[in-house]
Every structure is written in structure tokens, then in C-alpha cells.
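Here the structure is laid out as C-alpha cells; the discussion comes afterwards.
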Amino acid sequence: MGIFWIIVLSLFQPAHNFHVSISQAEWDEGLIKCTIRVFSDDLENSLQKSYGTEYRLESAIEDERLARYLLNNFGFKINNESLEGEFIGMEIENDLSYLYVQFPLKEVPSSIEVYNLLFFNSFDDQSNIVNVKFGSMLRSAFLSPRKDSQILEFQ
Amino acid sequence: MHPFTNYLRLGYEHIISLAALDHILFLIVLMAVYQTKNWLKVVIAVSFFTLGHSITLSLGALEVIKVDQALIEFLIPLTIVFTALINLSKFGQNQKSNFKYWIALIFGLIHGLGFSNYYDMLVMGESNYWQALLPFNLGIELAQLLVVFIMLMIMGVYGFLLNKKIRDWNLFISGSAFGLALIMCIENWPF
């Protein structure tokens, strides 16, 4: 009986776990410039899983492993080929962290595949929204562990 | 897809997933006194609840309501305790009274404070209120109406087919929710 109540109570957590990241990508003069907005604690937890529990988020700024982690999990594909990405930097603002990456791309394609698997290894209810703006056209991808990539059409 | 659709989906899935069970529990208690024929009153009460937490979520920008999160986690189950207690009074069982709308609105404000860290995530640069927060709130409302619809069906079956009184349903739901929420309050005691 006690176990039953522990299970029931563990389902009712007033502190909502809101496992979300939202990214903006915009094409500008031969580059897709991206801002990935994540919750700082999610990012730190995720890095601690890889590098050990003592790892602090602040150390990630100077750590090239962060770039690898990001570019392995976030990016674009055209004709099934991943675009070569570059990590630009990171800002930590209390609860939120902003990660900047960019992908050289000469001209705007008529369709592009977006993938974002950030934190899928930490949370099975993670949702990653990626808003992509090419010129005046705005499209959006909703990515989750059930569907980790999506093709956006720009016609 | 347009971003609007995705923010809508984000709000919808947030309620439907198990992450927001305290939200759903509040709704079930709020509507426990109503007979199925008064479904419109339920829809209005739930919309007032959405209005309440949309207001506090949208005020996130002003930083006026940086309330201690531990306190919020205590207050949210307390709203369920109070609503369950009110349901046990004659006053709270009055189908015609508009009192439930006010409870839904005011307690909605408190539930919205639990969303405090959502605002900064949802609103950035080009995604302002209309592009991000509005569809997110609409998604929450849609999910809540789905919960209401399912509960009304269950309550309808209970009332008509089994020929039981909604009063007994209310006693059962409000009693169980009272116990559950009271334990949550004690577990989250902030003082």
C-alpha cells in the first residue's frame, strides 16, 4: 500500500518538468546562423552525464567537447548530406543558455532537413523546436525522440 | 509547419503528458460538482482557469512576480485542497453559482506561477507574445478541454447509465483529491 502511494505521489510534482529547447536559424549572406536556447540545468546535467558529476557549465565555454556534442546532435542536411557546422560560442544567462552555431550555405535551398537530438539521451519527453527563416519564409520543426529530424520545404 | 502550430503543440503536449498531473487533478476537482447537462459552466470555469495562468505566465517579462518556487510548489496543491473543501459545502455544490469561475481564475494565477521559467524560454527576439505565448496558452486550453470532455463522458455514464447521483461522485473525487493534495502540501512544506 505504501509503495502505491509513493508511485501516485511521485506522479504529482508541482514543479513541472518542462523539457524544451527552442532554436532560431536564419540564413544571412552565405551562412545559416543559429541560436540554440536551452535550460542551463538541462545542459549541465547532460554534460555531467558525459564528463562526470563535477563538471560545471561554465567550463563548457572553453571546452571543445561542447562543440563536438552540439554539432553531432544539431544540424542540417541537404540531399542527405550533413552541412559542415561551426561552433561560435555560448552565453549563460541564469536559467537559460544560448549556444551559437553556424553552417556555411551558399544559397537558400528549396528544402532542408533539420535535426536536433539535444538532451534526448537525458529526457524521453524532450521537445526541440527549430524555427528556420530563409528570407521572408519562416518554417518550424518540432523534434522529439519519436521524430528526431524533419524536412522543411521552402517553395 | 509554421511556428504557431508548434507552440500550440508544445502547450497541448505539456498538459497531456504526465508532467502536469497537478493541473489535471485541479480540473477534475473543479468540475466534480457539475451535472453533465451543465457542461457549458464547466467549459467556462476551465477557460477562467486558463485565463488565470495565462496572465501570470505572460507577466513573466515584468519580473514582478519572482515568487519563491518552493512556496509555489506548496501553494499549487493547496489550491486543490481548498477546491475540494469548497466542493463539500452546500455553497460549493450550487450548480447555478458563478463562484467557481472566480476560484478558477484566482487559483489559475497561482498555477501560472509554476510556469515561471517558461516565459524566457518561449519569448525571444522575434517570437513575441502573439507568436509564441498565445499559441502555447491555446494549446494548454485545448488539452484541458479534452480532459474536460473525457471527464464529462465518464460523469455522464456514472450519472445516467448507472443512475447514481453526481453528489456521490463529488464526495468520492473531492475526498480522494483532498487526501492526495494534502500529502503533497506537507511534502512541499516551505516554512
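Keep in mind that what you see is a predicted model, and the values were worked out from it rather than measured. These values consider heavy atoms only, across backbone and side chains, with no hydrogens, waters or symmetry-generated copies. Chain naming here is simple, since letters A, B, ... match the order of the sequence lines and numbering starts at 1 in each.
The two atoms that bring L143(A) and D148(A) nearest to each other are CD2-C, 3.7 Å, heavy atoms only. Between R65(A) and Y51(A), the shortest heavy-atom distance links the atoms CB-OH, 2.9 Å. Counting all heavy atoms, side chain and backbone alike, M90(A) lies closest to S97(A) at CE-OG, 4.4 Å.
Along residues 98-122 of chain A, the residues that come nearer than 4.5 angstrom to chain B, judged on non-hydrogen atoms, are Y98(A) in order of number.
Side chain of S89(B) to main chain of L85(B): no donor-acceptor pair is present (N/O by atom type, distance under 3.5 Å, no hydrogens or angles).
Looking at heavy atoms from C-beta onward, V157(B) lies out of side-chain contact with I154(B) at the 4.5 angstrom threshold. Put simply, the side chain of F4(B) reaches to within 4.5 Å of the side chain of L138(B), judged on heavy atoms.
Ring pair F18(A)/F136(B) is perpendicular by interplanar angle, where above 60° counts as perpendicular and below 30° as parallel.
Contact of V38(A) with chain B is made through the backbone alone, with heavy-atom distances under 4.5 Å.
If you tally non-hydrogen atom pairs under 4.5 Å between each of S140(A), S21(A), S127(A), S144(A) and chain B, the highest count goes to S140(A).
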